[in-house]
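Below you'll find the structure, written out as structure tokens, and then a few comments.
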There are 2 protein chains.
Amino acid sequence: MANIKQIALAAGVSITTVSRVLNGHPYVSEDKRSAVWKAIEQLQYKPNRNAVNLAKGETRMVAVLLPFANHPYFAGMLEGISYFALQHHYHIVLCQTDYKPEEEIRALELLRDKQVDGVIICSKQTNWSTIEPYAAYGPIVVCEYTESSVLSSIYVDYYEITRYIMNMLIDKGHRHIGYTIGRPDSFNSLNRIRAYEEALQEIQVPLVPEWTFSNCYQYDHGEEVIRAISNMHTRPTALVVAGDQSAAGILLGAAKLGIKVPEQLSVIGFDNIPIARVLELSTFDHSSYDIGCLAFTIFYRQLHADVPRTEKHKLPYHFIERMTVGQAPASFTALSNTKTPAQK
Amino acid sequence: MANIKQIALAAGVSITTVSRVLNGHPYVSEDKRSAVWKAIEQLQYKPNRNAVNLAKGETRMVAVLLPFANHPYFAGMLEGISYFALQHHYHIVLCQTDYKPEEEIRALELLRDKQVDGVIICSKQTNWSTIEPYAAYGPIVVCEYTESSVLSSIYVDYYEITRYIMNMLIDKGHRHIGYTIGRPDSFNSLNRIRAYEEALQEIQVPLVPEWTFSNCYQYDHGEEVIRAISNMHTRPTALVVAGDQSAAGILLGAAKLGIKVPEQLSVIGFDNIPIARVLELSTFDHSSYDIGCLAFTIFYRQLHADVPRTEKHKLPYHFIERMTVGQAPASFTALSNTKTPAQK
DNA sequence: TTACCTTATGAAACGCATTTCAGGTCAACC
DNA sequence: GGTTGACCTGAAATGCGTTTCATAAGGTAA
């Protein structure tokens with residue numbers, strides 16, 4: 001394929017002039033400009049992006065780090081990032097990490113090695129101190145709370161939300177409340193747990209470890225949870241579920257097991273993914289699509305304007321009341337041993 | 001950041017020797033080798049990937065072209081590609097096109113401009129003749145049937161599958177059969193339609209245009225379909241749905257509208273995505289994850305071995321019988337005007 | 001008339017690593 | 001002793017654009 005030198009030769013100008021034409025610089029006479037364009041078209045010339053990247057020190061690529069793309073929450077985020085990226089003529093390098101630290105590092109190394117201009121971290125495992133040094137090579141935007149002074153952060157206050165939910169459930173008479181979370185040791189999970197425990201403490205209700213479940217992401221996990229609950233002697237009357245996907249599994253599993261929602265079990269999800277609407281799941285909305293859009297916007301601004309690279313954005317949220325939260329069932333308010341009819 | 005020149009200087013060797021050490025070439029004396037490594041570590045040197053790409057003419061990136069990542073079928077594919085890509089030290093450039101031809105072209109231009117070594121097309125709109133010229137710049141693998149002599153193809157024979165389904169439904173007494181598809185003009189859709197129409201023709205049952213729906217991808221679309229059906233005077237007794245996601249919408253919508261599946265309506269999905277299992281949806285399995293794995297493998301082999309770049313792989317499939325296909329309801333076998341109880 | 005700016009153009013340096021080619025040493029084999 | 005081949009090393013060419021700097025013509029304000 002032709003290169004810039006051949007264009008220069010064909011158009012009878014210098015390489016510099018070709019580059020000027022290519023990049024729309026002023027100070028090129030009309031006749032040379034058209035001669036260059038003519039040569040470019042005749043030889044079907046297109047600049048080699050590697051050479052451009054090398055010379056400009058910019059790749060117009062951004063790495064997106066996430067555990068799995070095959071999850072509506074992250075897929076939504078990806079879509080948001082993608083949409084804004086395309087508008088700004090950026091491309092996305094997808095780094096699916098499965099929460100493996102070594103894969104997360106590899107994504108950050110793309111930044112260090114100048115393969116990308118920045119990184120958007122949707123969710124990660126690695127600790128901040130390992131990530132921070134890479135911020136020297138370009139903006140890093142994290143969709144999670146961090147106090148780091150070199151990273152930008154878009155976050156949802158899960159402590160606040162969880163307190164809000166717990167209060168709502170307690171107001172409705174629930175005392176037997178369980179929860180599910182994703183990774184047990186993530187910052188968000190720890191905040192959820194803290195809010196949960198404090199809320200119970202305030203009304204002096206003991207914590208039942210049996211009613212707490214971790215590593216819940218997919219439908220299957222939700223089904224396992226509801227199966228486990230259906231076999232319990234004393235069941236929770238409400239579940240605070242960390243993601244709509246597993247909440248959907250719980251709902252559909254409950255239907256199969258004959259557990260009535262919300263009459264016997266209230267379920268609250270998170271994320272408001274499409275299936276939540278279909279299943280009438282009460283949930284918290286904080287559109288992952290919008291988070292993605294914002295993440296890209298911040299990355300882009302930080303790269304092109306001389307702004308501090310440590311913005312913090314707390315996201316609003318709101319509760320979407322649908323059909324899965326109700327009053328605590330009378331028979332369950334006190335510790336009872338009632339068996340519900342449908343059980344395997 | 002340090003570059004190779006500074007390492008050469010610090011280690012007291014030539015640039016060539018540093019490059020040799022970096023790339024593990026033989027014929028470097030032990031003392032020089034260790035001097036180079038020492039300099040590399042002291043200066044924290046890492047090669048600039050853009051320079052490497054430029055010099056090697058290879059980027060270890062592959063573009064993945066798909067309409068939307070936020071769909072379990074494509075997300076599964078993406079996961080498969082991703083998994084194999086990581087193993088081979090490749091990265092993925094995600095090109096979400098929303099079926100817009102100009103975005104599809106942009107993805108192909110990445111190949112022409114040497115930003116990626118190849119392209120995997122999961123689904124596209126652009127016609128083959130537009131895509132083919134780009135094959136000159138690197139392997140292009142398409143997850144769809146094509147006769148093109150420069151593209152590789154992994155495909156499922158939807159004509160065959162649809163005939164299989166139609167026969168099954170006809171055997172079970174169904175005569176009022178509807179279908180839903182995605183894009184009405186795609187190759188796969190046309191084959192589905194052809195199989196559908198031929199099957200009806202053979203048993204001399206007239207086609208009811210009202211029972212055919214296009215542009216169905218998401219839950220919402222499925223819900224719209226079932227709502228439309230519930231308002232029909234004469235309803236189909238079976239639906240051949242082109243994707244599990246919209247089939248799920250149909251199932252959940254049917255439950256809300258009081259339409260019993262499969263007693264009143266049989267539903268067959270495609271793809272066997274996770275929600276299908278949860279909803280007991282009878283469907284065809286051809287794992288999109290596996291397609292992704294295969295797609296990357298073919299791309300990789302074509303790039304690194306001297307094999308023809310036009311492999312064709314027809315994928316196996318199998319029907320997964322679950323709970324949504326039944327005998328045609330007696331009252332529906334003949335054209336009847338029976339109204340089912342639950343209607344809005 | 002001098003001083004200075006705008007327009008126009010190309011040579012050369014620069015971004016950075018890989019690869020070819022040529023030259024050299026030393027041991028083994030004929 | 002001469003030839004051959006394995007081992008080692010670096011200068012220079014190569015991949016390809018962008019950007020700086022130097023130069024020069026033409027115009028204008030002081």
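Any value given below was found using the heavy atoms of this structure, including those in side chains, with hydrogens, waters and symmetry copies removed.
Whole-Å rounding puts the A:Leu54 CG to C:dC14 C1' distance at 9 Å. Summarising the geometry, the separation between NZ on B:Lys46 and P on C:dA17 is reported as 12 Å, rounded to the nearest angstrom. C:dG10 atom P lies 12 Å from atom CG of A:Leu9, rounded to whole Å. With rounding to whole Å, B:Asp31 atom CG is found 16 Å from D:dC7 atom P. Atom CD1 in A:Ile7 sits roughly 13 Å away from atom C1' in D:dG17 (whole-Å rounding). As a whole-Å value, the separation of B:Gln6 CD from C:dA17 P is 9 Å. Here the P atom of nucleotide D:dC8 and the CD atom of B:Glu30 are 9 Å apart, to the nearest Å.
Look at A:Lys32 and you'll find a side-chain N or O under 4.0 angstrom from OP1 or OP2 of C:dG10. Phosphate contact (OP1/OP2 of C:dC16, side-chain N/O of B:Asn50, threshold under 4.0 Å): absent. For D:dG10, one of the phosphate oxygens OP1 or OP2 lies less than 4.0 angstrom from a side-chain nitrogen or oxygen of B:Thr17. Contact between the side-chain N/O atoms of A:Asn48 and the OP1/OP2 oxygens of D:dG17 is not found at any separation under 4.0 Å.
Annotation: side-chain hydrogen bond (donor to acceptor under 3.5 Å, both in side chains) contacts involving residues 32-52 of chain A, sequence neighbours excluded, comprise A:Arg49-A:Asn53.
The distance between the ring centers of A:Tyr83 and A:Phe296 does not fall below 6.0 angstrom. Aromatic pair A:Tyr90/A:Phe84: ring centres not closer than 6.0 Å.
With sequence neighbours excluded, no residue forms a side chain to side chain donor-acceptor pair (under 3.5 Å) with B:Ser82. Listed by chain and number, the residues in a side chain to side chain donor-acceptor pair (under 3.5 Å) with A:Lys56 are A:Asn23 (sequence neighbours excluded). Qualifying side chain to side chain donor-acceptor pair (under 3.5 Å) partners for A:Gln96, counting only residues two or more places apart in sequence or in other chains: none. Evaluation of the ring-ring contact (aromatic ring centres under 6.0 Å, His included) rule for B:Phe187 yields B:Tyr145 as partners, not counting sequence neighbours. Taking A:Thr97 as the reference, nothing meets the side chain to side chain donor-acceptor pair (under 3.5 Å) condition, with sequence neighbours excluded.
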Checklist entry - Just by protein heavy atoms under 4.0 Å, how would nucleotides 18-27 of chain D read 5' to 3' in B, S and -? => result BBB-------
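Annotation: cation-pi geometry not satisfied between A:Arg20 and A:Tyr27 (NZ/CZ under 6.0 angstrom from ring centroid, within 45° of ring axis).
Exactly one of A:Glu103, A:Glu102, A:Glu104 qualifies for a side-chain hydrogen bond (donor to acceptor under 3.5 Å, both in side chains) with A:Thr126. That residue is A:Glu104.
A salt bridge is absent between A:Arg106 and A:Glu109: the closest approach of a Lys/Arg side-chain nitrogen to an acidic carboxylate oxygen does not fall below 4.0 angstrom.
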Side-chain donor-acceptor distances from residues 130-138 of chain B under 3.5 Å, at least two apart:
from: B:Thr130; atom 1: OG1; to: B:Asn127; atom 2: OD1; distance (Å): 2.6
from: B:Glu132; atom 1: OE2; to: B:Ser148; atom 2: OG; distance (Å): 2.6

Atom pairs and distances, side-chain donor-acceptor, residues 4-16 of chain B, under 3.5 Å, sequence neighbours left out:
from: B:Ser14; atom 1: OG; to: B:Thr16; atom 2: N; distance (Å): 3.4
from: B:Ser14; atom 1: OG; to: B:Thr17; atom 2: N; distance (Å): 3.3
from: B:Ser14; atom 1: OG; to: B:Thr17; atom 2: OG1; distance (Å): 3.3

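Annotation: side chain of A:Val93 is not in contact with side chain of A:Gln115 (no heavy-atom distance under 4.5 Å).
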Using a cut-off of under 3.5 Å, enumerate the N/O to N/O pairs linking the protein to nucleotides 4-7 of chain C.
from: C:dT7; atom 1: OP2; to: A:Tyr27; atom 2: OH; distance (Å): 2.7

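Within residues 110-119 of chain B, no residue has a heavy atom under 4.0 Å from DNA chain D.
Rounded to 10 degrees, the angle separating the terminal helix axes of the helix from C:dT1-D:dA30 to C:dC30-D:dG1, each built from five base pairs, is 50°.
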